[in-house]
Protein chains: 2
Amino acid sequence: MTTKKVTLTDVAERAGVSTTTASYILNGRSAEMRISADAERRVREAVAHLGYRPNRNARSLRTRTTSTFGVISDFVASGHFASQMLAGASAAARASEHLLVIGETQGDPALEHLLIEEMLDRQVDGIVYATLTSLEVRVPAELKRLRTVLLNCVDPTTNIPAVLPDEYAGGRTAAGVLLDAGVTGEIHVIGEDPTPNALAGPGRLEGIRARLAEAGRSVTSVVPCHWGVEDAYDAVDAWLRRGARPAGLLCLNDRIAMGTYQALAGNGLHVPRDVSVVSFDGSELATWLRPRVVSVALPFNELGARAVQALVDPGWADVGTVRLPMPLAPGGSVRSPAVGARG
Amino acid sequence: MTTKKVTLTDVAERAGVSTTTASYILNGRSAEMRISADAERRVREAVAHLGYRPNRNARSLRTRTTSTFGVISDFVASGHFASQMLAGASAAARASEHLLVIGETQGDPALEHLLIEEMLDRQVDGIVYATLTSLEVRVPAELKRLRTVLLNCVDPTTNIPAVLPDEYAGGRTAAGVLLDAGVTGEIHVIGEDPTPNALAGPGRLEGIRARLAEAGRSVTSVVPCHWGVEDAYDAVDAWLRRGARPAGLLCLNDRIAMGTYQALAGNGLHVPRDVSVVSFDGSELATWLRPRVVSVALPFNELGARAVQALVDPGWADVGTVRLPMPLAPGGSVRSPAVGARG
DNA sequence: CTGTTAGCGCCTTCAA
DNA sequence: TTGAAGGCGCTAACAG
């Protein structure tokens, strides 16, 4: 039973109507066109019997719309981040009957250009331009002529809609956790973002500073280190050996938190008894530490979903820059008044 | 300068030739058709000048091929695994001028069915059916009528080509590391795969057993636990408290290794001085542990790439089941003769 | 209410 | 070596 291609014509024939009528019915315009109930019944029967499926390609040629969005991102691979954005985007796309075609540029502008063209050739209805980490970017010129939404990045030179996490508010949240817990000793920040054009680190730090200032406190020091586990371990270990005695630590991401945990343990310091720790990202890693580290989470799923929604939005052009809140993932890494959950 | 849609006709007109000629030239058939060098030059000039790009949709309607593959997977989101497969697949797709359209089923058969139909409606040239973890599956019937390749799963009831990691060989590798290092005491396995139809755990265990048997050794015990960090911690901690004194530990994945590390540390056991540890997956997590745990890696990128290559392969139907080797990711978790790298 | 007709943009047979 | 013409499957004026 090699299912032959069934066309609208076949359906119309079997139902004894014209393709026009069949087309109207299948596009839900039977009421509008006042198609007879009987014709409709016959067409639907034919569709079911023949197993007819419309050829979207042919339809697209006519309608100039493909129900497909393109997603251009620098890295689809690294960590569960980009992929969670994809998952959110994918779900949102389905909600509006779209499919996603993806392209990974690996940060290569030439490849990026190529992929964008490929997508345009396929007549995608819009493009989500995403970066793995929050970045200030200059989008390729061709995107400016299209229905585009930036995901996890912004281009200050254009007013293309953009969706990204509210890092500043996240920073405030993190600092607030320490304050609410009554941490009175020194509060330090671990990790300074070395990536050029990165938005996360500066935003978080700014939020932290602002919140502390409101309480008449301040960041005692910022320990610089790259955002990797080993980097953080090395930096924090050296720092502790030099005699640092922090009461609260704000790690700018979960990998830093992990390295920090290792360094604290190595120096006989216990979390949260001796030191309270709050982190950022809210990745799985945060839940793997003992005790689980309180982490201000990146809402990746929502980011992806929101970006696609912006693409679908009739008011797309005026969406502007959307900043999504970073929810708090609970843990046992902060002393006293508690932020719930198992440690 | 709102770039108007430029068609082949426009190009032909400007070049002073027929669309036929232009089409031949743009499809690289000018030699075959013995088109005059001058006509070719003029057409290329017109293309460049007009910024012409072929409408692949229109082309597809004619050629019945879309240069697009579909990827159906249960979870695109969870961890960096599926996404690495995607990255590999994406790169391989580009190599053969294809783009990927993705669909995440979340394990829901109804949704799966829907997504497959959506892809078929868009006339994809083939479908990669992927699972996040190695699984024995029953593929939906409709896929059997298509150019499909299974990724990270197999369906023993069909002979659809499949690409997955060679877990058995991986198990042998892991056991070999311990043997080569001269570990003479008890060797235990941590983690027994509770997932029904899972392939990874059983395959790895079988390989481990086989390799040890060859050396006249055997697995002293298999400590059962779910494949999560906390599960492993709890199980291993309790087990150690009961007096276990392992010399070598084979953790069935990296998360288990992490929990195991925590439990060992909590019981005053040092890696690798007191216990040698080897793990599976080769995820980033493996590199974050101190010392870095030796891990038999899942070649996710290659898996994805190979799957797409199989789809492109003219001999697709006869690809059969491909098992890719699991390379060893070095670390400092095994005593003596060393497996290179920083700990 | 339904059918006729004309493309969407491209490829390709056939004839010149 | 090139051009004219038909059609892929579908939608949408425009008649009836």
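In the text below, chain A, chain B and the rest are named by the order of the sequence lines, each starting its count at 1.
- In the model, Asn152(A) has a side-chain atom that pairs as donor or acceptor with a side-chain atom of Ser134(A) under 3.5 Å.
- Between Arg59(B) and Asn27(B), the side chains place a donor N or O and an acceptor N or O closer than 3.5 Å (distance only, hydrogens not considered).
- The nucleotide range of DNA chain C contacted by chain A, defined by atoms under 4.0 angstrom from heavy atoms of the protein and reported 5' to 3', is dC1(C) to dG9(C).
- Boundaries of the chain A contact region on DNA chain D are dG9(D) to dA13(D), first to last in 5' to 3' order (nucleotide atom under 4.0 Å from a heavy atom).
- Mapping Arg64(B) and Tyr24(A) onto DNA chain D via the closest heavy atom, the residue that lands nearer the 5' end is Arg64(B).
- Within 4.0 Å of Asn27(A), counting heavy atoms only, lie sugar-phosphate atoms of the nucleic acid but no base atom.
- Residue contacts shown for Arg56(B) are absent, as no nucleic acid heavy atom lies under 4.0 Å away.
- Between the side chains of Thr157(B) and Asp155(B), at least one donor N or O lies within less than 3.5 Å of an accepting N or O.
- Between the side chains of Thr21(A) and Ser18(A), at least one donor-acceptor pair of N or O atoms lies under 3.5 Å.
- Glu97(A) CD: 12 or fewer foreign heavy atoms inside a 6.0 Å radius.
- At the heavy-atom level, Thr20(A) lies under 4.0 Å from base atoms of the strands shown.
- Applying the ring pair (Phe, Tyr, Trp, His ring centres under 6.0 Å) test to residues at least two apart or on different chains, none of the pairs has a partner in residues 9-58 of chain A.
- A distance-only check finds no donor-acceptor pair linking the side chain of Thr66(B) to the backbone of Ser60(B) [under 3.5 Å].
- Contacts of Ser36(B) with the nucleic acid, taken as non-hydrogen atoms under 4.0 Å apart, involve only primed sugar atoms and P, OP1 or OP2.
- Both Ala58(A) and Ser18(A) lie close to DNA chain C; mapped to their nearest nucleotides by heavy-atom distance, the more 5′-ward contact belongs to Ser18(A).
- Annotation: Arg323(B), atom CZ; neighbour count of heavy atoms from other residues, nucleotides and ligands within 6.0 Å does not exceed 12.
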